[in-house]
Amino acid sequence: MDTLAELDAERRASGVAAGRGGVVREYDDRATECRIVYSHLSPDLADDVIREEMSLAEERAYTLEWKVYGHDRPVDLPQRLVAAGFEPDDPEQVLVMALTDANLAAFSTPADRELYRVPDEAGLADYAEIAREIGRKNPEQERERLAYILREAPETMSVYVAYVGGEPVAGGRIHYQAGSGSAELAGGRTKTAYRRRGLFKAIVGARLQEAHTRGRKLVFTDALPSSEPILVKHGFWPLTSTRPFVYDPCVLTREL
């Protein structure tokens, strides 16, 4: 299986297949948000499926995010989503790295770093504190979602937090699909005053080492322009692009 095909297999395995157009949906634990993580639409079917997904979001009153990747079909899917009423979010690059000894060495974690794997729900409060400080959206909602995963499926996710003088200053997650040879890095963040101190790199290194220990061969991540250069410098390489498109029927209802 080539790397792009493996990424698509990860996407399909991360949610529930919906049928038409190969759509795969992923819901949060409270079913207030839905994310389409995979689709493969023909040009003549695309607009109908988009309308169906929007109608379902309106009926069930959830926010719908459609993750579009650079190799998704049809090629004009982003334009179709915008025309239908979706709002584009920031574009990202999908990066990938093979977990070889050489690549792991480039992200080795210094022994003097105060860095821990979050053991339980209480530890997620520190991760949420970092999110609030840097202005992330809905940090409390994210904390609740991650707490649900730790309770119900702890083997599928690890969260790491780095501290300086006892203060939580950086963190990140890693996600695992059952039966997969890959893992996904997500949620990397560092408080503003503690950037450029190697904390981001240390958090990445801790997650890569765990993935290697668990027998994973590849790691994927969606990288913003702020994190892409350091990841590429240390062994990640660009695979494709991705961009979320969001439709929130609740916002429309409030406006009306």
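This chain uses plain numbering: 1 for the first residue, then up along the sequence.
- Between the Arg207 side chain and the Ile203 main chain, a donor and an acceptor come within less than 3.5 Å of each other.
- For the pair Ile50 and Ala84, the tightest heavy-atom approach, listed with the atom from each and the gap, is CG2-CB, 3.8 Å.
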Between side-chain atoms of residues 230-241 and protein atoms elsewhere (two or more places apart, or another chain), which donor-acceptor pairs fall under 3.5 Å?
residue	atom	partner	partner atom	Å
His234	ND1	Ile230	O	2.9
Thr240	OG1	Gly70	N	3.4
Thr240	OG1	His71	ND1	3.4

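- The CD atom of Glu33 sits 9.0 Å away from atom CG of Asp248, with the distance rounded to the nearest 0.5 Å.
- The existence of a salt bridge linking Asp47 and Arg80 is confirmed by a sub-4.0 Å separation between a basic side-chain nitrogen and an acidic carboxylate oxygen.
- Nearest heavy-atom pair, Thr190 versus Ala170, reported as atom, atom and distance to 0.1 Å: OG1-CB, 3.7 Å.
- Residues Val246 and Leu64 have side chains not in contact (no heavy-atom distance under 4.5 Å, counting atoms from C-beta outward).
- Under the 30°/60° scheme for interplanar angles, the aromatic rings of Phe86 and Tyr247 are found to be tilted.
- Every residue meeting the salt bridge (Lys or Arg N to Asp or Glu O under 4.0 Å) condition with Asp8, not counting sequence neighbours, appears here in chain and number order: Arg11.
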Audit row: Tyr27, Thr32, side chain to side chain contact (heavy atoms under 4.5 Å, CB included) steps and yes/no: CA-CA 8 Å; Tyr27 296 93; Thr32 58; over 6 Å; no

Apply the test side chain to side chain contact (heavy atoms under 4.5 Å, CB included) to residues Tyr69 and Leu77: give CA-CA distance (whole Å), side-chain angles for both, the deciding distance (0.1 Å), then the verdict. CA-CA 10 Å; Tyr69 288 72; Leu77 179 57; over 6 Å; no

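- Between Leu208 and Val219 the shortest side-chain heavy-atom distance falls below 4.5 Å.
- Judged purely by atom type and a 3.5 angstrom limit, Ser180 has no side-chain atom pairing as donor or acceptor with the backbone of Gln177.
- Contact of the Tyr176 side chain with the Arg214 side chain is registered, since non-hydrogen atoms from C-beta on lie closer than 4.5 Å.
- Electrostatic pairing of Asp28 and Arg35 does not count as a salt bridge here, judged by no charged N lying under 4.0 Å from a carboxylate O.
- If you take CG on Leu81 and CG on Asp76, they are separated by 9.5 Å, rounding to the nearest 0.5 Å.
- Tyr194 and Glu167 are linked by a side-chain donor-acceptor pair at a separation below 3.5 angstrom, with hydrogens and angles left out of the test.
- Take Phe200 and apply the ring-ring contact (aromatic ring centres under 6.0 Å, His included) test, not counting sequence neighbours, and it matches no residue.
- The CD atom of Gln209 sits 9.0 Å away from the OH atom of Tyr160 when rounded to the nearest 0.5 Å.
- Residues Leu224 and Pro91 come closest through the heavy atom pair CD2-O, 4.1 Å.
- Between the Asp48 side chain and the Leu45 main chain, no donor and acceptor come within less than 3.5 Å of each other.
- Remark: Arg197 pairs with no residue by the salt bridge (Lys or Arg N to Asp or Glu O under 4.0 Å) rule, at least two apart or across chains.
- Between Pro168 and Val161, the shortest heavy-atom distance links the atoms CB-CG1, 3.9 Å.
- Under the 3.5 Å distance criterion, the side-chain polar atoms of Arg243 are matched with a main-chain donor or acceptor of Asp89.
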Decide yes or no on salt bridge (Lys or Arg N to Asp or Glu O under 4.0 Å) for Glu210 and Arg117, but give the supporting numbers first. CA-CA 10 Å; Glu210 180 186 289; Arg117 182 176 180 271; 3.5 Å; yes

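- Among all heavy-atom pairs drawn from Gly22 and Tyr38, the shortest one is O-CD2, 3.3 Å.
- Between the side chain of Arg25 and the backbone N or O of Ala18 there is no donor-acceptor pair closer than 3.5 Å.
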Give the intermediate values and the outcome of side chain to side chain contact (heavy atoms under 4.5 Å, CB included) for residues Val204 and Thr221. CA-CA 11 Å; Val204 172; Thr221 188; over 6 Å; no

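- At distances below 3.5 Å, not a single donor-acceptor pair connects side-chain atoms of Arg151 with backbone N or O atoms of Asp120.
- For Ser39 (side chain) and Val23 (main-chain N/O), no donor-acceptor pair under 3.5 Å exists by modelled atom type.
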Please report, to 0.1 Å, the donor-acceptor pairs under 3.5 Å made by any side chain of residues 123-137, with sequence neighbours excluded.
residue	atom	partner	partner atom	Å
Asp126	OD2	Tyr163	OH	2.7
Tyr127	OH	Arg173	NH1	3.2
Tyr127	OH	Gly187	O	2.7
Tyr127	OH	Arg189	NH2	3.4
Glu129	OE2	Lys191	NZ	2.6
Glu133	OE1	Thr192	N	3.2
Arg136	NH2	Gly188	O	3.2

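- From Glu121, atom CD reaches atom CD1 of Ile149 across 11.5 Å, with rounding to the nearest 0.5 Å.
- Note on Tyr62: it clusters hydrophobically with Val49, by side-chain heavy-atom contacts below 4.5 Å among ILVMFWY residues.
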I'd like to know whether Glu65 forms a side chain to side chain contact (heavy atoms under 4.5 Å, CB included) with Ile36, so could you lay out the CA-CA distance, the side-chain angles of the two residues, the decisive distance to 0.1 Å, and finally the verdict. CA-CA 6 Å; Glu65 177 187 302; Ile36 294 177; over 6 Å; no

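- We find the CG-CG distance between Leu7 and Leu218 to be 10.0 Å, quoted to the nearest 0.5 Å.
- At least one side-chain heavy atom of Lys67 sits less than 4.5 Å from a side-chain heavy atom of Thr242.
- Of the possible polar contacts, none joining the Ser227 side chain to the Ala223 backbone as a donor-acceptor pair under 3.5 Å is found.
- Hydrophobic clustering, with ILVMFWY side chains joined whenever heavy atoms are under 4.5 angstrom apart, keeps Ile174 apart from Phe220.
- A single hydrophobic cluster is seen to contain both Val82 and Met54, as judged by linkage of ILVMFWY side chains at heavy-atom distances under 4.5 Å, directly or through other members.
- When the side chains of ILVMFWY residues are joined at heavy-atom separations under 4.5 Å, either directly or via intervening members, Tyr116 and Met157 end up in a single hydrophobic cluster.
- In the hydrophobic clustering of this structure, Leu104 groups with Leu185; members are Ile, Leu, Val, Met, Phe, Trp, Tyr whose side-chain heavy atoms approach within less than 4.5 Å, directly or through other members.
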Compile the donor-acceptor pairs under 3.5 Å between side chains in residues 92-99 and protein atoms, sequence neighbours left out, one pair per line.
none

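- Going from atom CZ of Arg143 over to atom CG of Leu150 covers 11.0 Å, rounded to the nearest 0.5 Å.
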